[in-house]
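This report refers to the structure that appears directly beneath it.
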Amino acid sequence: MKVKKGFHLRKVCGENIMVAEGMENIDFSNIISMNDSAAYLWQSIEQQPDFTAETLAGLLVEEYEVDEERALRDANTLIRQWQEAGIIE
């Protein structure tokens with residue numbers, strides 16, 4: 001998987017908000033906000049050519065006190081959410 005071009009994470013009034021660039025990415029009916037751990041993961045992978053659930057899980061294990069099994073479940077859930085939001089491909 002990879003981050004879809006034209007999406008950038010910004011801090012707006014203390015919230016992590018996804019900002020779309022380019023008319024093909026703008027959907028005003030859906031504002032995407034991320035908690036701090038999701039924002040950490042996004043910032044860690046947005047410049048990488050691709051990533052996997054295992055990549056995200058490894059980052060979670062490194063940054064937070066979480067075991068690998070829980071990290072992988074959370075990473076898979078987050079990937080599904082990002083796919084539904086259309087911000088990764």
Name the atoms and distances for all side-chain donor-acceptor pairs under 3.5 Å in residues 57-68, with sequence neighbours left out.
{"from": "D67", "atom 1": "OD1", "to": "E69", "atom 2": "N", "distance (Å)": "3.1"}
{"from": "D67", "atom 1": "OD1", "to": "R70", "atom 2": "N", "distance (Å)": "2.8"}

- Message: Could you measure the distance from the CD atom of Q81 to the CD1 atom of I87? Nearest 0.5 Å is fine.
- Response: 9.5 Å

- Query: Who pairs with E15 by side-chain contact (heavy atoms from CB on, under 4.5 Å), at least two apart in sequence or on another chain?
  - Reply: I17

- Message: Suppose we screen for side chain to side chain donor-acceptor pair (under 3.5 Å). Which residues come up paired with E46, at least two apart in sequence or across chains?
- Response: W42

- Message: W82 and side chain to side chain contact (heavy atoms under 4.5 Å, CB included): which single residue from M18, M1, M34 fits?
- Response: M34

- Which heavy atom of G86 sits nearest a heavy atom of F7, and at what distance? O-CE1, 3.8 Å

- Task: Locate the shortest heavy-atom distance separating I45 from L56; write the atom from each residue and the value.
- Result: CG2-CD2, 3.8 Å

- Note on the structure: Sorted by chain and number, sequence neighbours left out, side-chain contact (heavy atoms from CB on, under 4.5 Å) with N76 holds for A53, L72, R80

- Correct closest heavy-atom pair for I88 and F51 would be CG2-CZ, 3.9 Å

- Query: What residues, two or more places apart in sequence or in another chain, satisfy side chain to side chain donor-acceptor pair (under 3.5 Å) together with E54?
  - Reply: T52

